[in-house]
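Atoms considered below: every heavy atom in the structure, side chains included; atoms not considered: hydrogens, waters and symmetry mates. Because the structure is predicted, anything quoted here is derived from the model rather than measured. Numbered from 1 within each chain, the chains take letters A, B, ... in sequence-line order.
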2 protein chains.
Amino acid sequence: MKSLSSEMQVFLEYIEQKQLKLTPHRELILETFLKHEGHRSVEDIYRVVRESDPRIGYTTVYRTMKILLACGLARAIDLADGMTRYEHLYNHEHHDHMICMQCGKSIEFYNAEIESIQDSASEQLGFKVLDHKLQIFGLCNECRT
Amino acid sequence: MKSLSSEMQVFLEYIEQKQLKLTPHRELILETFLKHEGHRSVEDIYRVVRESDPRIGYTTVYRTMKILLACGLARAIDLADGMTRYEHLYNHEHHDHMICMQCGKSIEFYNAEIESIQDSASEQLGFKVLDHKLQIFGLCNECRT
DNA sequence: CTGTGTGCAAATGGTTTGCAAAAAC
DNA sequence: GTTTTTGCAAACCATTTGCACACAG
């Protein structure tokens, strides 16, 4: 028997809690999203999903991505290119982004020290940290010359 | 004689370099922007500017804010409320934002340690840091119960 | 004059919504 | 049969752009 991925379990739980249904469309969008790493726009996802089922509409992708955000499977990121992009969140290490201002490439990185200092600095100000986004803008290895 | 603010000097320099002109409209928008602290949307600025000169159009505010961004007098921030907001950059301490997910309030903070670790961590990855944005999402003192 | 700046209205483009038909249960 | 989901088209809304006019050198 085939075992469900833990992401799918999270999804099913959320869907039940919210009294939503697991439809083939939602399932396909989730699978497609999980299958690809990186920073993907709604249009990216829409294009790939369409290869499996051309009857799926743009709107459904938008609506499903909202569900994935709400249940913690996706994270919205803004790479300053005019549209919201999504990346996996659940079961993935938290990380931040360095964005090259010349070529537009974005590099993921993680630094435990930064994370812990953020938490303690916020606590000192009475702020309870739930999430954060750090974007570092500059020039990547190839572009800095 | 009245001395120019250093911000105005930066503006004049940039304007000359780009062969633009110092028009009354641009000057008024800059003054208005400088006069108010905080995170202000184009509409905020437009409303205030209109009190001094109702003939100024929305478009001009947009176009002038672009100039202010380009010459380093303003910084664009995204407080996730659907529109771009601007705050002073020149002659102001760099800072980051904590955004309360309940009441929407944003708190500015600065932590030197975070700054320096960001730089060194990025350097290690061959990335030249030019700017960064850090947003911490959570609950502020009042909202955390 | 010549060229830049400006206001208005219209266009743009990512995202959301209204609604009737389709699918799920 | 009742309720949720979906696709399409239209609406939205912040921002940008086209264009004719205003204004400065």
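Among the atoms of the strands shown, base atoms are found under 4.0 Å from some heavy atom of B:Thr59. Across all strands, A:Pro24 comes closer than 4.0 Å only to sugar-phosphate atoms, never to a base (heavy-atom distances). At a threshold of 4.0 angstrom between heavy atoms, the contacts of A:Ser41 with the nucleic acid are absent. Residue-level contact check: A:Lys66 touches the backbone only, with heavy atoms under 4.0 Å from sugar-phosphate atoms and none from bases. Across all strands shown, B:Arg55 has heavy atoms under 4.0 Å from sugar-phosphate atoms exclusively, and none from any base.
Between the P atom of C:dT15 and the OH atom of A:Tyr58 lies a distance of 8 Å, rounded to the nearest Å. Across the protein-nucleic acid pair, A:Glu27 atom CD and C:dA24 atom P stand 12 Å apart, rounded to whole Å. What separates CG of B:Leu20 from C1' of C:dT6 is a distance of 14 Å, to the nearest Å. Between the NZ atom of B:Lys21 and the P atom of C:dT6 there is a distance of 10 Å, rounded to whole Å. In this structure, B:Asp44 places its CG atom 13 Å from C1' of D:dA14, rounding to the nearest Å. Atoms CD (B:Glu43) and C1' (D:dT15) sit 13 Å apart, rounded to a whole Å. Residue A:Asp78 contributes atom CG, which lies 12 Å from atom P of D:dT15 at whole-angstrom precision. Whole-Å rounding puts the A:Arg63 CZ to C:dT15 C1' distance at 12 Å.
B:Leu79 and B:Leu134 are not part of a single hydrophobic cluster, where members link through side-chain heavy atoms under 4.5 Å apart. Residues A:Met98 and A:Tyr110 do not share a hydrophobic cluster, clusters being chains of Ile/Leu/Val/Met/Phe/Trp/Tyr side chains in contact below 4.5 Å.
Closest to the B:Met83 side chain, of the nucleotides D:dG7, D:dT3, D:dT15, is D:dT15. Nearest to the side-chain atoms of A:His25 among the listed nucleotides D:dT17, D:dT6, D:dT4 stands D:dT6.
In this model, the phosphate group of D:dT5 is approached by a side-chain N or O of A:Arg26 to a distance below 4.0 Å at OP1 or OP2. Proximity of A:Thr84 to the phosphate of C:dT15: a side-chain N or O atom is located under 4.0 Å from OP1 or OP2. Phosphate proximity of C:dT6 to B:Thr23: present, with a side-chain N or O under 4.0 Å from OP1 or OP2. Distances shorter than 4.0 Å separate none of the side-chain N or O atoms of B:Tyr62 from OP1 or OP2 on D:dT16.
Between B:Tyr46 and B:Gly57, the shortest heavy-atom contact is CE1-C, 3.6 Å.
Looking only at distances, a side-chain donor or acceptor of A:His95 sits under 3.5 Å from a matching main-chain atom of A:Glu93.
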Original post:
Going through the checks in order, is the salt bridge (charged side-chain N to carboxylate O under 4.0 Å, His left out) test met by B:Asp44 and B:Arg85?
Top reply: CA-CA 9 Å; B:Asp44 293 339; B:Arg85 291 175 173 277; 3.6 Å; yes
